[in-house]
Amino acid sequence: MSMRRRTSHKLPRAVRKRTRTTTCGTDILISSSVCYLGDSCDDVIIRCSDMSAAMQRETVNIVTEALRQFPSCNESSSRVVKESMDRRFGICWHVIVGHDFGLEVSHELDSLLYAFFKNGTLGVCTWRCS
C-alpha cells in the first residue's frame, strides 16, 4: 500500500488473479435510515465500493458503531472495525480511518468500501487481501 496524496481516486491494475482494479466513480449518498442504529446516525457518502448491498450495509453499521465508541480516536475506531470485520467476514481485513489520506490498494473481489462519514469529514476505507 502506498500512502500518498492523489487527486484522482483510481486504484491500480490488479496484481493477482483474485484481485481487481476498481475505479471510483460517482458518489452515492446513503441516508441515515440505512444505518439502523438510531436517530443520531449521520449520512454516509459511499465513494467507491464493490461489496454486495448487504455486506455494504453491515460494514457501514460496523463503522458507525466504532465511530460512536471512539469519536475522537481514529486508531481505536479502525482497530474495532478491523476486529469486527475479521470476526464477521473472515480474516485479512485492512482498515484506514482518518482525514486527508490517499491510497492505492489491490484487493480481493467484492471486498472494497471507501466511504465518508461524519458529514463527509472523515474517510474510511476497508478492504480484504490475502
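All values reported here derive from a predicted model rather than from experimental measurement.
Distance check: Arg79 CZ to Ser84 OG gives 11.5 Å after rounding to the nearest 0.5 Å. Remark: Ser76 OG to Gln69 CD distance equals 9.5 Å, nearest 0.5 Å. Once rounded to the nearest 0.5 Å, the distance linking OG1 of Thr126 with CE of Met55 reads 7.5 Å. The distance from the CE atom of Met85 to the OG atom of Ser78 is 12.5 Å, given to the nearest 0.5 Å. To the nearest 0.5 angstrom, Ile46 atom CD1 is 4.5 Å from Leu113 atom CG. Residue Thr121 holds its OG1 atom at 9.5 Å from CD1 of Ile45, rounded to the nearest 0.5 Å.
Taking the side chain as every heavy atom from C-beta outward, Cys125 and Leu103 approach each other to under 4.5 Å. Counting heavy atoms from C-beta outward, Pro71 and Lys118 have side chains that approach closer than 4.5 Å.
When each of Thr64, Ile96, Val95 is paired with Val81, the side chain to side chain contact (heavy atoms under 4.5 Å, CB included) condition holds for Val95 and for no other.
Hydrophobic cluster membership is shared by Met51 and Val44, with clusters built from Ile, Leu, Val, Met, Phe, Trp and Tyr side chains linked at under 4.5 angstrom. The cluster map of Ile, Leu, Val, Met, Phe, Trp and Tyr, joined by side-chain heavy atoms under 4.5 Å apart, puts Trp93 and Phe117 in the same cluster. Under the 4.5 Å side-chain heavy-atom criterion for grouping Ile, Leu, Val, Met, Phe, Trp and Tyr, Ile62 is connected to Val124 within one hydrophobic cluster. Grouping the Ile, Leu, Val, Met, Phe, Trp and Tyr side chains by contacts below 4.5 angstrom, directly or via other members, places Val97 apart from Phe70.
Nearest heavy atom pair, residue Gly98 against residue Asn74, reads CA-ND2, 3.6 Å. Closest of all the heavy-atom pairs between Cys129 and Cys92 is O-CB, 3.1 Å.
Looking at Arg128, its side chain does come within 3.5 Å of a backbone N or O of Ile91 through a donor-acceptor pair.
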request  = Would you please test Glu65 and Val80 for side chain to side chain contact (heavy atoms under 4.5 Å, CB included) and show each step?
outcome  = CA-CA 9 Å; Glu65 185 61 35; Val80 167; over 6 Å; no

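Between His94 and Trp127, the ring planes lie parallel to each other; the angle is under 30°, not in the 30° to 60° tilted range.
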